[in-house]
Amino acid sequence: MDPYNPGSLAVQARFGVRDAAVHIGRSITTGIRPVAAAFLELQPMLVLAAADGDGHVWSTLLTGTPGFVRATGPHTISVAAPPPAPGPAPVGTMALDPRTRRRMRLNGIARPSARGFTVEAEQVFSNCPKYLQKRELYPPDLTTEPGDPVHGTALTPDQERFVRAADTFFIATTAPDGVDASHRGGNPGFVLVDTPTELSWLDYPGNAMFLTLGNLESDGRAGLLFIDWRTGTTLQLSGTARTDYGPDGTRVNRFRLSRAVETPSASPLRWSDPEYSPANPPLSRTPHDIEPPGSNLGT
């Protein structure tokens, strides 16, 4: 069975990477191998992608003592955190370890449980360490309580600076076959704030799967998550996105914000300053160098 939806297949065909995608797609399984189960149990954080009751897509940071995420069978994980929905719901998850530049993704159906929620896996796979910044983990801050979430419909000047300084963010996307959580990384400045409600970034070369871009082909909803790795503050953005394709094969993602939630000290985890990935491209080109077509964002 082909692991890719029609949107991903269309983008793969556009760039002539279908054969490579077929090869890489063989690594996508429904089973959680022992090495993946062991990796999960070491992680103090998990990124969750899901839609809320109003249909807005969000990327959310979950944290806990290692073991709060664990495999409970060959196709199921258990997460000690509030469930994303009161009943079964499609979700995407990503476990990323900045200490080792390792990451794995598990997409499936979440269901509430006595411990929090479980996810029945439909897709399980790992990604290469490309664009992952290396960070060391400090002792958690267990004395600072999370602040009250600040809601908005446009970025404040401080939030604009937060985004411009970011070297990492996570993106949640959805399609008829499920939800996906993915990662984007680069040198600070790789994400542009074009207006208080519009962001853009170059889509760097990846693994030829085109899962995120494929989802955006059929459903423009997206959720972004930015983390202040030093303070634990999170900035969640929900809105719509599209991909513009340049004549030279370049790709620009353009995001329009509809809702924003900033939560001070949302996470107790404290990380060191980064050792930037050697794969990060220099910021010699920006999304402004790619002329967008005349269509409106989000349509």
Side-chain angles (χ1 to χ4, degrees), residues 8 11-12 15 17 20-21 24-25 27-28 39 43 45-49 59 61 92-107 125-137 162-173 180-193 199-216 222-230 234-237 241 243-246 248-255 269 271-290:
S8 294
V11 182
Q12 292 165 12
F15 289 100
V17 296
I24 296 170
S27 67
I28 300 176
F39 174 74
Q43 303 314 309
M45 69 179 193
L46 183 76
V47 174
L48 176 72
S59 183
L61 180 66
T93 70
M94 170 172 281
L96 184 150
D97 189 344
R99 297 166 293 186
T100 60
R101 289 193 171 119
R102 293 177 62 196
R103 54 180 161 166
M104 66 169 284
R105 289 152 78 171
L106 186 149
N107 303 335
F125 56 102
S126 297
N127 288 132
C128 71
K130 218 171 188 181
Y131 315 126
L132 297 185
Q133 326 311 342
K134 187 174 183 180
R135 287 178 159 90
E136 298 303 321
L137 182 61
F162 188 168
V163 170
R164 290 190 179 104
D167 58 57
T168 299
F169 72 91
F170 300 89
I171 179 168
T173 56
D180 182 68
S182 191
H183 157 277
R184 294 292 184 270
N187 291 328
F190 84 108
V191 183
L192 298 187
V193 179
L199 309 182
S200 60
W201 61 91
L202 286 173
D203 194 74
Y204 295 152
N207 55 19
M209 289 182 170
F210 289 115
L211 300 182
T212 299
L213 271 58
N215 284 355
L216 294 178
L224 311 185
L225 168 67
F226 293 86
I227 302 170
D228 186 326
W229 299 90
R230 296 167 300 170
T234 60
L235 178 63
Q236 296 170 270
L237 310 179
T243 307
D244 290 338
Y245 298 95
D248 58 352
T250 52
R251 308 180 293 270
V252 175
N253 289 305
R254 304 186 189 276
F255 175 83
L269 302 180
W271 300 86
S272 70
D273 289 337
E275 177 186 324
Y276 294 117
S277 168
N280 289 351
L283 298 179
S284 56
R285 299 195 71 189
T286 75
H288 290 166
D289 299 323
I290 311 292

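- Using a 30° and 60° split on the angle between ring planes, Phe169 and Trp201 fall in the perpendicular class, above 60°.
- In this structure, Gln236 and Leu61 have side chains that are not in contact, with every pair of non-hydrogen atoms separated by 4.5 Å or more.
- The line from CG of Leu96 to CE of Met104 is 12.0 Å long, rounded to the nearest 0.5 Å.
- In terms of the side-chain hydrogen bond (donor to acceptor under 3.5 Å, both in side chains) criterion, residue partners of Arg135 (sequence neighbours excluded) are, by chain and number, Asp167.
- For the atom pair Phe125 CZ and Arg105 CZ, the distance stands at 4.0 Å (nearest 0.5 Å).
- A donor-acceptor pair under 3.5 Å is formed between the side chain of Thr93 and the backbone N or O of Leu106.
- Classified by interplanar angle (parallel below 30°, tilted 30° to 60°, perpendicular above 60°), the ring pair Trp271/Trp229 is perpendicular.
- Remark: Phe162 pairs with no residue by the ring pair (Phe, Tyr, Trp, His ring centres under 6.0 Å) rule, at least two apart or across chains.
- Only one option out of Asn253, Leu225, Leu224, Asn215 pairs with Ile171 in a side-chain contact (heavy atoms from CB on, under 4.5 Å); it is Leu224.
- Nearest heavy atom pair, residue Ser27 against residue Met209, reads OG-CE, 4.2 Å.
- Separating the CE atom in Met94 from the CG atom in Leu46 is a distance of 10.0 Å, to the nearest 0.5 Å.
- The distance from the CZ atom of Arg101 to the NZ atom of Lys130 is 14.0 Å, given to the nearest 0.5 Å.
- By the side-chain hydrogen bond (donor to acceptor under 3.5 Å, both in side chains) test, Thr168 is found to be paired with no residue, residues two or more places apart in sequence or in another chain being considered.
- Separation of atoms OH (Tyr245) and CG (Leu213) is listed at 4.5 Å; rounding is to 0.5 Å.
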